[in-house]
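Here's the structure we're looking at; comments come further down.
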Amino acid sequence: MRVDGVLLDVDDTLVDTKGGFAQALTAVAVEYLPHVPADRYPELLAHWRTDPGGYYKRFTRGETDALTQRRLRADLLHRTFGGEPVTEDSFADWDALFWGTFERSWAPFDDSAAALDALRAAGVRIGVVTNAYTELQERKLRAAGLEGVPVLVGVDTLGYGKPHPDVFVEGARRLGTDVARTAYVGDEPTTDARAARDAGLVGVWLDRPGARRDDEHHVDADALRADGIVVLPGLAGLPAALGL
Ligand SMILES: [Mg+2]
């Protein structure tokens, strides 16, 4: 396998978004859910990342906006863990704490910058395809010291996001590479790796240790490999896995 281009996801692929949400949810718990003991904070994080209400999925289908999906997730979190409902009135203060803490947390993974450098050194084109707004992801990458990789497709580019195949095809088009000679690297086995493969790209599932969501623990990496998907525990092995 040799590719001409590599498209990457941002959240939990290049930037430690899970770590950021952990900090933000801790701040929320201290302020709004004081009866929840600290040893249950991982449950708050798992709830947030799994999105049991499916609100972020609705956002990526273009059915709602970023603030609305976040308010509804906040309300479901509170209801699940015995807090007050989060209403349209109370959400502004909640979100100032949650999102403010989250934005201050943005940091890369230890292997992110080196992997991007290695891809550039190998002569392949690189870019980002993400399910959040383009402007947000540009700010996030800049804060994480990864501003050298361009955000080619955000959820606002087409009005919908992954796993729709158009999103991956548009990423390759903007990168200027053939779909079949373009890899897509992301942390979600279905929304990222399998969807990219189904769109005709080389799908790469980044299965970082301890990073799976609650609904991903059952995922069979061998079955994904059997379908031609590359499975990696970190970004360090990415160039070699792509034959670069
Ligand atoms: Mg991700």
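Remember, it's 1-based here, ligands and their atoms both numbered in the order they're listed.
For F102 and W48, the ring centers sit 6.0 Å or farther from each other. Ring pair F59/Y133: centre-to-centre distance below 6.0 Å.
Checked against side-chain hydrogen bond (donor to acceptor under 3.5 Å, both in side chains), D222 has the following partners two or more places apart in sequence or in another chain: R225.
The name of the N, O or S atom in D11 nearest to the Mg ion (ligand 1) is O.
Side-chain contact between P239 and L119 is present, with heavy atoms from C-beta onward closer than 4.5 Å.
The angle that D187 OD1 and D9 OD2 make at the Mg ion (ligand 1), rounded to 10°, works out to 80°.
Look at D12 and the Mg ion (ligand 1): no N/O/S atom of the residue is under 2.8 Å from the metal.
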